[in-house]
Every structure is written in C-alpha cells, then in structure tokens.
Colleague: 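Below is a structure I'd like to ask you about.
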Amino acid sequence: MLLRMSTLFLRTLREDPADAEVPSHRLLVRAGYIRRAAPGIYTWLPLGFEVLRNIEGIVRQEMNAIGAQEVHFPALLPREPFEASNRWTEYGDNIFRLKDRKDADYLLGPTHEEMFTLLVKDLYSSYKDLPVWLYQIQTKYRDEQRPRAGILRGREFVMKDSYSFDIDEESLQRSYQAHRDAYVRIFDRFGFDYVVVEAMAGAMGGSASEEFLATAEHGEDTYVRCTTCDYAANVEAVTVRLTEPVAFAGLPASHVEETPNTPTIDSLVDHLNAEFPRTDRRWQASDTLKNVVVVLLHPDGTREPLAVGVPGDREVDEKRLQAQVEPAELSPFTEEDFAANPALKKGYIGPGALGSENASGVRFLIDPRVSPGTAWVTGADEDARHVLDLVAGRDFTADGVIEAAEVRAGDPCPRDGGALETARGIEMGHIFMLGRRYAEALDCKVLDENGKLVTVTMGSYGIGVSRAVAAIVENSHDDIGIIWPREVAPADVHLLATGKDPAVFEFADRLALDLETAGVRVLYDDRKGVSPGVKFKDAELLGMPTIAVIGKNLADGMVEVRDRKSGERRDVPSGEALSVLVEECARI
RNA sequence: CGGGGCGUAGCGUAGUGGCUAGCGCGCCUGCUUUGGGAGCAGGAGAUCGGGAGUUCGACUCUCCCCGCCCCGACCA
C-alpha cells in the first residue's frame, strides 16, 4: 500500500509539545504518530498504527514459530475469576471497574492469568494435552497512579501475554526456555539495545524470572550489571557474593562498653575512634551492625515485627526488603511498637535481644555479609552502651539470612566478583515460572499417567507491545527526529518529489509504483507547492530508514539516496534508482 | 498518594482588576516563490481548564475540583 503524503492523515508539528519531556513522547507526538485522547490514553494515527502493527507482526511470527497458539480474550471481564484468585481486592485501585445494567461487577482486564487458566481447565483434562502454550495480543487497562511519558506508561496499553501449562517442573523448564529463546529473537528484531536481567518472581511464587530491559537513560527501572562478566540483575534480585567463613580461634571475647550519646552510626564511629581506637586502622561504619525493625502486614491481617541486621554503612533498601517478604506488606515500627516491646532499646538494638530465642522474640534476619566469624560493634540493648567484638556465629545467631541491604555501584558481582555498576532501562518483557498459584486457586488439574489428579504448573511471559514503540524511539533518534529500524518502520523509503517540475513528479510517481511492485514499502511525499525544506524536515522527523530525493538533479539524470541513520548521501543515476533502492531495503 | 512547577485557538506563547485577548507556526483564499521549515495581501479559528466566590467590572484576586509536567512510593 503506497502512502501518499498529499492525502495521508498526518500533521507534523514544528515545535515540541510543551508537556512532553522524554524523547519518545516528544517525537511521537510531534511526528504525528500518536495523539493524546485522555490522561495516559493515546490514539494511534495512521503511521503510528503501522508501527504498532509491525511490532505485533514480529511478536506473532516468533510466538507462532515456537508453537504457541494465538487466542483472543475479551478486555471486558466478569468479576468472578478475579474473586477466585483474590485479585479483585488485591489489585485495589489499579483496576478499572464497572457495572452492567443489572448491577453486576465487571472490570477491564489488567492481565489475564485467570482467564487463560480457566480456559485450559475448561477444555483440557489429561497430561496428554500438555504442554500447551497460548498467547494473545490484547489491550490491557490499569488505572495507574501516575501515567507518564506518553506511551511509555499509559493506562491503556497493548501487551502480548502468553502462558505455558505443563505437567511438571522439568517440562516447565523447557517451556520457559522456548519462550526465552523466542524473546531474544523478538527483541533482536525490534532493533534496540537490551539486556536480560535476573528478576524476582515475587508474589507469583515462581522460581526463575528474568526481565528484558531496553537500555535507556529515561528508563524507569534501575538494574545492575557486572563490569567484567555478563551478569545483570534487577536491583531487587541482586545477591551478595558469599565469603568464606572465618575461624573463631584467636578472636577476642566480646565486651560491652559505655558509649554515651551515640544513637546514630556516625556518632558511634566517632566515639569508637576517640575512646577505643583500633591498632590496625580507624573504625568505620562498615564495622558496625545496624539493626532495623519493621512490621510485616501479612495477607491474613496479622502484624509481625521483623528485625533486619545490615552493615552500618548500608541502608535497608525498601524495595529489596519488600521483594523478600512478599506477599506481606511493609509498615513502620512505631513508637507504640517500641512501648509494647521494652526489650528493644531504640538506637541500641542488638542481637542480644533479637531473634525468636531472645527477650524480644522478634524474628531476626541478617545480611549475608554478617557471616560466621565476622566481628561487629552493635547495640547492647541498653541505653548508651554498645558491644564490641561480637562475633557472628559465636556470640549470636540469627533466624536466617535476608538480602535487603542496599546495592551500590562497586559492589562485587555475585558471579565473578567484578565491580557492579548501575544502569537504567525500560522493562520490555518479563518471563517467569509462575508455578501453581493460579492453577491451584482456580483448580486447574489434569489426570497424570497414573490416573491421579495433579495441578498443572504454569509459566507467564509478557511483552509490552505499545511500550516497544516508545522504547525503540528512545533508543533510536537524534536531535531532528526518529530513526526507525527498518523492520518496524512504517515504510522502507521516504520518497520526496521536490520542486515544481512536472517531470520530477512523473518520475517519482512511476518510481513509487515500481518500488511498491518490487515489495518496498513507500511513503511518498507527493505534495504540490510545499517547499523542499519542509519535505526534508518532515522526512527527518518521521524517520524512515531510507530517504530518496527526486528533484533538480533529475535534469542531470540523477536522484539522491540518503541513509537516515548515518546521514550518508549519494547520487545514483535515475535509471538505477529502482534497483539501488530495492537492494537498500532488502530485509535481512 | 506526598513535594515542586504549570494550564490562554490544533501547536508554541504574550498579557493585565477596566475598551474588541495579542503574536508566531499551522489552516483557508489570491498572487509570487521552490534543494533546507518562503514572501505579500486578505481570512477562519478561544465559553482564557471547570465550578463557586470577592468586585461596578475577573483571563487577572480567593477557594474547591479537573488536567499536565518533574521528583519520590507502585508497574508491561
């Protein structure tokens, strides 16, 4: 289909929209690809819709290629399945809810785990039917607290979600791997830079989980990567590199010392250096053990205090802690809680009072750095006193280990010990082994080969399809416009007819048709009376990978071919224009 | 949901307790122009985000609501 600028429903803007900050938002609006319809809700204009369809096409091809089958659920869903999985309440205000004329509850689907699970339960009942992989490309609705950055985080968005149903873990592994391989092919074809990072399976209760992040400075997700190996992980999923246990022999016994006015780590370190100087070096914050108490709100409504011990030079990272204690919610440990638990001395809490075996009875989890044989300065559970040379594993034990301390650039990589660095990205895909949560809640079982009913195990795999449009632009633009990777571009060639010479238009008309016939997708600027400068600016803004200019040098038998990305320009004889452009645009 | 900034025509903006709300881009008509967002002339287009209040008089001041952007808590 030949796109003619003279009739194309398009209006480019000369200036940036004032409300758009990030490049993808700015450029997609300015170039006339999208238009805001409501907060966080966008209309796709012809060129933008073409890009969206191209992206859908890539996803569809690769999903079909691994044997996944496409279905299509409604976006308007009844309440009941979400009631069964408890997400009607769990999802809270993020769900768009509505009622029908009979006052029955409905919702606009934020995700479709329940529907897929019920569909499989509905139709399949034997292990012989498994594995089965189903997917859909569907509009999702989430009433985001803060939609932002145009299409990057909207309240209505297009997502590809697929689910695998397997009889056992081993089979699930294969389903997961097949999807992972497909995702690599999909994101390669999208033409942007991305990383695969280890992620937390979180509340979903699964085991393996990875995220595909498009690397982007405006990305919302922070991740860490190793500077010497290919390890990359979501901040929540980073683990501390384990060190060898140290022998206790020869370590001095612990002793309690007076440490007046030292409620903070800094004041304690200063006091230690003044009153109890070390012989080898000065005391530092990392020699202290900081014990932070929080309250966990469990889904069943119970409140449980939890103490987390981390080296004093690190904060407890709330996101990391939250990810570890899912599905419980975090809440502060209040003054009332301190009053109710006199064994805990604010500012001087130490392992002596913590742990299920000790006075407070508060569960005590420690950072992996607090490993057996390491010596610490920590609270003595009395006002103005600390205990020195308290050795982990000798003088105290915790109830367990927790990864909740903040991660910092320069920390050692858990894989090879190299320095970690932080970077930002846009979450484009998330794959994880879902396990049996939904299958159990919705009673999706099949008969195994022994005739016994077993609950199926699931995998869940998502791609932000509309978000990909923005992520690609984030990754591929310059000061003057978008630079589409060929496979997602609305057209291969932006053909410009400049000037007013009828011969130019006649030549360009014929070239446009010949290109289309040869399978090259053409956006043809056939507007009359529009100055060349306007056409050049529009072509650069719109971002087709190849720009062909038919203009004044046609008189010399030449046309100009430009590469949008490199800026390279060359003149080719008009007679060879067709073959040159066909070759230029040949799909890889 | 907290902190900060901001809402004037499709887009970018000026404006002030007082006459018909101004400019640029874009759009329409005519003539000229045509390789880097052309020129001249004429024109259409705005309940100044919404509501309430103060006032002789509100785009302007006050309050409430809605929306937008940025920074934090949540997510593809």
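In what follows, every chain begins at residue 1, and chains take the letters A, B, ... in the order their sequences are listed.
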Colleague: Is a salt bridge present between A:E540 and A:R564, judged by a nitrogen-to-oxygen distance below 4.0 Å?
Modeller: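 Answer for the salt bridge query: no.
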Colleague: My understanding is that a pair needs two contacts under 3.5 Å, Watson-Crick or G-U wobble. By that rule, which nucleotide pairs with B:G67?
Modeller: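 Result: B:C6.
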Colleague: Can you check the distance between B:U54 and B:C61, where both ends of the measurement are the C1' atom (answer in whole Å)?
Modeller: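 Roughly 8 Å separates the two C1' atoms.
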Colleague: Spell out yes or no: do the side chain of A:R569 and the base of B:G36 have one donor N/O and one acceptor N/O closer than 3.5 Å?
Modeller: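 When only heavy-atom distances are counted, A:R569 does reach the base of B:G36 through a donor-acceptor pair under 3.5 Å.
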Colleague: Base, sugar-phosphate, or nothing: which does A:D501 touch, judged by heavy atoms less than 4.0 Å apart?
Modeller: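 No contact at all - A:D501 keeps every heavy atom at 4.0 Å or more from the nucleic acid.
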Colleague: Give the intermediate values and the outcome of ring pair (Phe, Tyr, Trp, His ring centres under 6.0 Å) for residues A:F73 and A:F116.
Modeller: CA-CA 8 Å; A:F73 283 94; A:F116 274 90; 4.5 Å; yes
Colleague: Between B:G10 and A:E15, counting only base atoms on the nucleotide and side-chain atoms on the residue, is there a donor-acceptor pair under 3.5 Å?
Modeller: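 Such a pair does not exist between side chain and base.
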Colleague: For A:Q138, which contact category applies under a 4.0 Å heavy-atom criterion: base, sugar-phosphate, or nothing?
Modeller: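 Contact class for A:Q138: none.
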Colleague: Between A:R142 and A:G529, name the one whose nearest nucleotide on RNA chain B is closer to the 5' end.
Modeller: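 Final value for this comparison: A:G529.
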Colleague: Do the ring planes of A:H430 and A:F432 sit parallel (below 30°), tilted (30 to 60°) or perpendicular (above 60°)?
Modeller: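 Answer is tilted, since the angle falls between 30° and 60°.
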Colleague: Which part of the nucleic acid does A:E211 contact within heavy-atom distance under 4.0 Å: base, sugar-phosphate only, or nothing?
Modeller: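 If one applies the 4.0 Å heavy-atom cut-off, A:E211 turns out to touch nothing in the nucleic acid.
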Colleague: Report the distance from atom CZ of A:R36 to atom P of B:G10, rounded to the nearest whole Å.
Modeller: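 My rounded result for the distance is 13 Å.
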Colleague: Quick one: on RNA chain B, does A:A18 or A:G40 contact a more 5' nucleotide (nearest heavy atom)?
Modeller: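 Residue closer to the 5' terminus by nearest nucleotide: A:A18.
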Colleague: Rounded to whole angstroms, how far apart are CD1 on A:I550 and P on B:G35?
Modeller: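 About 15 Å, once rounded to whole Å.
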Colleague: Look at the rings of A:Y141 and A:F96 and say which category their plane angle falls in: under 30° parallel, 30 to 60° tilted, over 60° perpendicular.
Modeller: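 Aromatic pair A:Y141/A:F96 classed perpendicular.
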Colleague: Can you find a donor-acceptor N/O pair under 3.5 angstrom joining the side chain of A:R562 to the base of B:G36?
Modeller: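 Side chain to base: pair found, below 3.5 Å.
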Colleague: B:U34 C1' sits how many Å from A:L554 CG, rounded?
Modeller: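 Going from CG in A:L554 over to C1' in B:U34 covers 15 Å.
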Colleague: Could you tell me whether the side-chain ring of A:F536 sits stacked on the base of B:G35, using a centroid cut-off under 5.5 Å and a plane angle under 30°?
Modeller: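 Here the ring of A:F536 and the base of B:G35 are not stacked, as the 5.5 Å and 30° limits are not both satisfied.
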Colleague: For A:G150, answer base if it contacts any base atom (sugar-phosphate contacts may also be present), sugar-phosphate if it contacts only those atoms, and nothing otherwise; contact means non-hydrogen atoms under 4.0 Å.
Modeller: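 Nothing, no nucleic acid heavy atom in range.
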Colleague: Determine the Euclidean distance between corresponding P atoms of B:G26 and B:G39; express it in Å to zero decimal places.
Modeller: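 Each nucleotide's P atom is 9 Å from the other's.
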Colleague: State whether A:E50 and A:R53 are salt-bridged, where the test is any N-O pair (Lys NZ or Arg NE/NH1/NH2 against Asp/Glu carboxylate O) under 4.0 Å.
Modeller: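 Yes, this pair counts.
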